Peer 1: 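Before I ask anything, let me first share the structure, which is written out below as structure tokens.
The structure presented is a predicted model; accordingly, all values stated were derived computationally and were not measured. Lettering of chains follows the sequences in order, A, B, ..., and the numbering in each one begins at 1.
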There are 2 protein chains.
Amino acid sequence: MTINIIIADDHQLFIDGIKSILYKAIDITTIGEANNGLEVLKLLEDGITPDVILTDIRMPIIDGIQLTKTISKTYPNLKVLALSMFDQTADVIEMLNAGAKGYVTKNVDKSELIEALHTLVKGNYYISKNLPFDIQDWFEKKLGHAQESNLTKRETEILQLIAKGRTSIQIAKHLKLSKYTIDTHRKNIHKKLGIKSNTGLVNFALNNL
Amino acid sequence: MTINIIIADDHQLFIDGIKSILYKAIDITTIGEANNGLEVLKLLEDGITPDVILTDIRMPIIDGIQLTKTISKTYPNLKVLALSMFDQTADVIEMLNAGAKGYVTKNVDKSELIEALHTLVKGNYYISKNLPFDIQDWFEKKLGHAQESNLTKRETEILQLIAKGRTSIQIAKHLKLSKYTIDTHRKNIHKKLGIKSNTGLVNFALNNL
DNA sequence: TTTCATATACCTAATGTTAGGTATATATTT
DNA sequence: AAATATATACCTAACATTAGGTATATGAAA
């Protein structure tokens, strides 16, 4: 299956560089490019449906962090792969907290970039190996929490029922709880996973539970 | 068009309950009742021509399963709607394998029962939403294979976008169509797949596309 | 050529989800 | 003993889907 991407960077030269790197990768297609976050959102509103957004962090008008937050909310299944210079540790952490699923440095080589894209599309996280250690450590800690123990037993139970197509009311009856309680659990699951839609939850559940 | 039904249950009180529920449904007429499978077959042999048999599973002399098998063979256009208590998972699966076209629980409410009858008459399957989940899963699988997803190009395209978490409005913008058109396609997809929820569609899409 | 499948578009009411809260109770950890 | 995590329950407004229609246009099949 072809991976469709949008590249966002305020330096056109850099976009062109990435495009030429990816040009020969037969299963990756650049279906859009943008020089700031706002342009990315416009493309999405126009109905372009990429699988991954490859974005710089520092951009004018809407930066990569705000862009990633908006995407996490509005297009929960769309993955964001962050690009950054070495010296921006804090920004990268902010990006990942905003919901980015991966991070590579700008001097990434071709094979690593392609690997990162494939990894993200499969639903996994990708973090460059040649990174400042503090980022790696922080991320491993985050993953450790986010992937396994983040959801409680009850939340996992409810997520599985959601993935099977049960409504909040049906789940409430099944567990002999209030509908409001189920909705609260739902919201906590949303928060913990950074996924804010029913379809996104089904995707997550089928891939991870 | 009026839907003519026969109700079969070994508890007369239950038959009376269903009859009173259906009494006000102007297009549904109870043209016969029976306390076991043999009585149903006798009615049919006597020339009564119902559209649907509403039958319990456990009954004396001839039970619902054997009754359904006989009907599937002898009266192939006659639909069987199974009624069951919650705890009879295995029996229900046997019923559906025997040729029943629908299944509702005995604590079904009026509107769902009427909906089920209409659905069956139109030639579709009907399965209660508030069912033990293993039955639903089994049935969805069965349907999925039986119908071989004869979705049109457009429908497949839209289903994939739904599975990616797009809303009807987003899809409409993307395809430059009206939101109403997308909803119509949605409904047609529901009908063809026998799946009537967004989460169910995501499940189907991830498993089959 | 009439019928059928496909695709399009519109409408409303009912149901369900999402986002924004607040709030209590219990058990575990620090 | 105080803080934290977990589970429970309630409320409302906004948004989205579902279920019930109706209706038109086009191209392919009978």
Peer 1: Can you tell me how far C1' of D/dA5 sits from NZ of A/K192, to the nearest Å?
Peer 2: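 In whole Å, D/dA5 C1' lies 8 Å from A/K192 NZ.
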Peer 1: Nearest whole angstrom, please: distance from the P of C/dT6 to the NZ of B/K153.
Peer 2: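 Interatomic distance, NZ of B/K153 to P of C/dT6: 13 Å.
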Peer 1: Let me know the distance between CD of B/E115 and C1' of D/dA19, rounded to the nearest Å.
Peer 2: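 Answer to the nearest Å: 8 Å.
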Peer 1: What is the separation between atom CG on B/L175 and atom P on C/dT6, rounded to the nearest whole Å?
Peer 2: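 From B/L175 CG to C/dT6 P: 18 Å.
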Peer 1: Between B/Y180 and C/dT8, is there a contact of a side-chain N or O with OP1 or OP2 at under 4.0 Å?
Peer 2: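 For C/dT8, OP1/OP2 do not have a side-chain N/O of B/Y180 under 4.0 Å.
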Peer 1: With sequence neighbours excluded, tell me which residues meet side chain to side chain donor-acceptor pair (under 3.5 Å) with B/D9.
Peer 2: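 Partners of B/D9 by the side chain to side chain donor-acceptor pair (under 3.5 Å) criterion, ordered by chain and then number, come out as B/K106.
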Peer 1: At how many degrees, to 10°, do the end axes of the helix from C/dT1-D/dA30 to C/dT30-D/dA1 meet when each uses five pairs?
Peer 2: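 Here the local axes at opposite ends form an angle of 40°.
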Peer 1: Grab the CD1-P distance between B/I182 and C/dA9 for me, whole Å please.
Peer 2: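 So the two atoms are 8 Å apart, to the nearest Å.
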Peer 1: Tell me, please, which residues at least two apart from B/K19 pass salt bridge (charged side-chain N to carboxylate O under 4.0 Å, His left out).
Peer 2: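 Only B/E33 meet the salt bridge (charged side-chain N to carboxylate O under 4.0 Å, His left out) criterion with B/K19.
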Peer 1: Determine: side-chain N/O of A/T152 to OP1/OP2 of D/dA5, distance under 4.0 Å, yes or no.
Peer 2: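 Checking A/T152 against D/dA5: no side-chain N or O falls below 4.0 Å of OP1 or OP2.
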Peer 1: Quick one: side chain to side chain donor-acceptor pair (under 3.5 Å) partners of B/Q170, sequence neighbours excluded?
Peer 2: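 B/Q170 satisfies side chain to side chain donor-acceptor pair (under 3.5 Å) with no other residue.
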Peer 1: Determine: side-chain N/O of B/T181 to OP1/OP2 of C/dT8, distance under 4.0 Å, yes or no.
Peer 2: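 The answer is no; no side-chain N or O of B/T181 sits under 4.0 Å from OP1 or OP2.
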Peer 1: Using a cut-off of strictly less than 4.0 Å, decide whether B/H185 has a side-chain nitrogen or oxygen near OP1 or OP2 of C/dT8.
Peer 2: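 Indeed, a polar side-chain atom of B/H185 lies that close.
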Peer 1: Walk along nucleotides 17-30 of chain C from 5' to 3' and tag each nucleotide B, S or - by protein heavy-atom contact under 4.0 Å, base first, then sugar-phosphate.
Peer 2: BBBBB---------
Peer 1: Rounded to whole angstroms, how far apart are CD on B/E112 and P on C/dT15?
Peer 2: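 After rounding, the reported distance stands at 12 Å.
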Peer 1: Return the set of residues passing side chain to side chain donor-acceptor pair (under 3.5 Å) with A/T30 (not counting sequence neighbours), or none when no residue passes.
Peer 2: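 Result, side chain to side chain donor-acceptor pair (under 3.5 Å) vs A/T30: none returned.
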Peer 1: List in chain and number order the residues that pass side-chain contact (heavy atoms from CB on, under 4.5 Å) with B/N36, two or more places apart in sequence or in another chain; answer none if no residue qualifies.
Peer 2: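 B/L38, B/E39, B/M59, B/P60, B/I61.
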Peer 1: Going by atom types only, do A/T49 and B/R166 share a side-chain donor-acceptor pair under 3.5 Å?
Peer 2: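 No donor-acceptor contact under 3.5 Å links the two side chains.
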Peer 1: What pairs with B/N35 under side chain to side chain donor-acceptor pair (under 3.5 Å), at least two apart in sequence or on another chain?
Peer 2: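 B/Q12.
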Peer 1: Let me know the distance between CG of B/N188 and C1' of C/dC4, rounded to the nearest Å.
Peer 2: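 After rounding, the reported distance stands at 14 Å.
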Peer 1: May I have the distance from A/I158 (atom CD1) to D/dA7 (atom P), rounded to whole angstrom?
Peer 2: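 Computing the A/I158:CD1 to D/dA7:P distance gives 8 Å.
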Peer 1: Got a sec, which pairs hit salt bridge (Lys or Arg N to Asp or Glu O under 4.0 Å) with one end in residues 172-182 of chain B, sequence neighbours left out?
Peer 2: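 Every salt bridge (Lys or Arg N to Asp or Glu O under 4.0 Å) pair that includes a residue of residues 172-182 of chain B, provided the two are not neighbours, is B/K179-B/D183.
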Peer 1: Given B/T199, which of A/N198, A/L161, A/L201 fulfils the side chain to side chain contact (heavy atoms under 4.5 Å, CB included) condition?
Peer 2: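 Only one of A/N198, A/L161, A/L201 forms a side chain to side chain contact (heavy atoms under 4.5 Å, CB included) with B/T199, namely A/N198.
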